[in-house]
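Taking it in order: structure first as structure tokens, then the write-up.
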Amino acid sequence: MLSVVVLISGGGSNLKALLDATQNPLYPVRILAVGADNPADGLEHAELYGIPTFVVSPSSFNNREEWAATLLSNIKHFEPDLIVLAGFMRILPPSFVASVSPRMINTHPSLLPLYPGAHAVHDAMVAGATETGVTIHIVDEGVDTGPHLAQAVVPVLPEDSETDLHERIKAVERQLLVKVVQDIAENKITL
Ligand code: GRF
């Protein structure tokens, strides 16, 4: 059984997909806790499953290093095998990454290395891309630069709004994330 702490910033649909997957006794993953950088709506999914949550907001700290150290100690309290960034919209400092690497993964809504950063779906549309997708990767010290674990392609349709496209990406992303975490648990993916 792979034990996981998930970090989110928003609605948490990727988190919910993981939580739903853990309802199957054959899914070899246990979510120990869910953390966020703000009182994110998605924390409700964890609460409904009776899973502990924590919020560590940067605004409560003097600097990013103090914030990250507190976030890290909250995570380490649960002693997870893996940290999953599922729509966590903060960049973690190198000291944080170094202390958990390679056991922290991120999901990103583009085919990296295309469109890194916080506006990947918008950037793909502005570039006139006819396809984009999702990448799940190990987190390194850069922004969306770590080694890729899996990718899936999503076509950009002519009538797509940014919201439409992101929703279609997220439908694929949720399935891929559930699969990648399972593959890590079953040693089919080695970090
Ligand atoms: C996902 O597309 C994630 O890759 C991106 O933000 C979205 C979060 O969605 N960074 P949700 O909060 O899991 O619904």
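Position 1 is the first residue of the sequence, and the numbers go up from there. In what follows, every heavy atom counts, from backbone to side chain, and hydrogens, waters and symmetry copies are set aside. Numbering of ligands and ligand atoms starts at 1, following listing order.
- Under a 4.0 Å criterion applied to the non-hydrogen atoms of N14, ligand 1 contributes the atoms 1 (C), 9 (O), 11 (P), 13 (O).
- For T70, there are no side-chain hydrogen bond (donor to acceptor under 3.5 Å, both in side chains) partners at least two apart in sequence or on another chain.
- In this structure, I8 does not count as a contact residue of ligand 1, since none of its heavy atoms falls inside 4.0 Å of the ligand.
- Under 3.5 Å, the side chains of S13 and R174 contain a donor-acceptor pair of N or O atoms.
- Taking each of A17, G87, S9 in turn, the one with a heavy atom nearest to atom 8 (C) of ligand 1 proves to be G87.
- Residue E65 places its CD atom among more than 12 non-hydrogen atoms of other residues, nucleotides or ligands, all under 6.0 Å distant.
- Around CZ of R64, the count of heavy atoms belonging to other residues, nucleotides or ligands within 6.0 Å exceeds 12.
- The closest side-chain donor-acceptor pair between N38 and S57, if any, does not fall under 3.5 angstrom.
- Between G12 and ligand 1, at least one N/O pair is under 3.5 Å apart.
- No heavy atom of K16 sits closer than 4.0 Å to any atom of ligand 1.
- Remark: ligand 1 atoms within the under-4.0 Å shell around heavy atoms of S13 are 11 (P), 12 (O), 13 (O), 14 (O).
- Less than 4.0 angstrom separates some heavy atom of M89 from each of these atoms of ligand 1: 10 (N).
- Ligand 1 places these atoms under 4.0 Å from at least one heavy atom of K170: 2 (O), 9 (O), 11 (P), 14 (O).
- Heavy-atom contacts of T107 reach the following atoms of ligand 1: 4 (O) (cutoff under 4.0 Å).
- Within the 4.0 Å heavy-atom criterion, the part of H166 lying near ligand 1 is the side chain and not the backbone.
- For E79, the CD atom is loosely surrounded, since the number of other residues' heavy atoms within 6.0 Å does not exceed 12.
- Under the 3.5 Å distance criterion, with hydrogens and angles disregarded, no donor-acceptor pair is assigned to the side chains of D20 and Y27.
- Residue nearest to atom 2 (O) of ligand 1, selected from R174, E173, H45: E173 (by heavy-atom distance).
- Residue E186 places its CD atom among more than 12 non-hydrogen atoms of other residues, nucleotides or ligands, all under 6.0 Å distant.
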